[in-house]
**Student:** 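Can you keep this structure in mind? I'll have questions shortly.
The analysis underlying the following values was restricted to heavy atoms, covering all of them including side chains, and did not include hydrogens, waters or symmetry mates. Residue numbers run from 1 in the order of the sequence given.
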Amino acid sequence: MIVRFAGGPLAGRELETADAPWAGGWLTAGDASWGLYLPVDRDPVTGVVLAEIRVTIPRHE
């Protein structure tokens, strides 16, 4: 399965995974901050998944 990333530190990159469904996760690239990527669309013909970054705001307690 191919996952294409939109937005955040992984924008424009692709990830090849096993054939199992990809549920998303916290990922980073190089020295960039971590970003939560979630699958938002899957092409039924090619199986390519589009993952977008979810904006998270740090909590201060």
Side-chain angles (χ1 to χ4, degrees):
M1 168 186 308
I2 302 289
V3 179
R4 290 192 180 133
F5 296 100
L10 298 178
R13 296 185 187 202
E14 292 185 347
L15 171 71
E16 187 171 344
T17 67
D19 291 334
W22 187 75
W26 287 93
L27 302 169
T28 189
D31 293 337
S33 297
W34 288 86
L36 176 60
Y37 286 87
L38 299 173
V40 294
D41 188 43
R42 181 178 183 274
D43 186 312
V45 175
T46 64
V48 173
V49 172
L50 175 65
E52 290 184 348
I53 194 164
R54 173 168 289 172
V55 176
T56 58
I57 300 170
R59 288 202 253 175
H60 299 283
E61 295 181 24

**Student:** Would you say Tyr37 and Val3 make side-chain contact, with heavy atoms under 4.5 Å?
**Tutor:** no
**Student:** Is there side-chain contact between Pro9 and Ile53, with heavy atoms separated by less than 4.5 Å?
**Tutor:** yes
**Student:** Measure across Ala23 and Pro39 and return the closest heavy-atom pair with its distance rounded to 0.1 Å.
**Tutor:** O-CD, 3.6 Å
**Student:** If you measure from CG on Leu15 to CG on Leu27, what distance do you get to the nearest 0.5 Å?
**Tutor:** 7.0 Å
**Student:** For residues Trp22 and Leu38, report the shortest heavy-atom separation together with the two atoms involved.
**Tutor:** CZ3-C, 4.4 Å
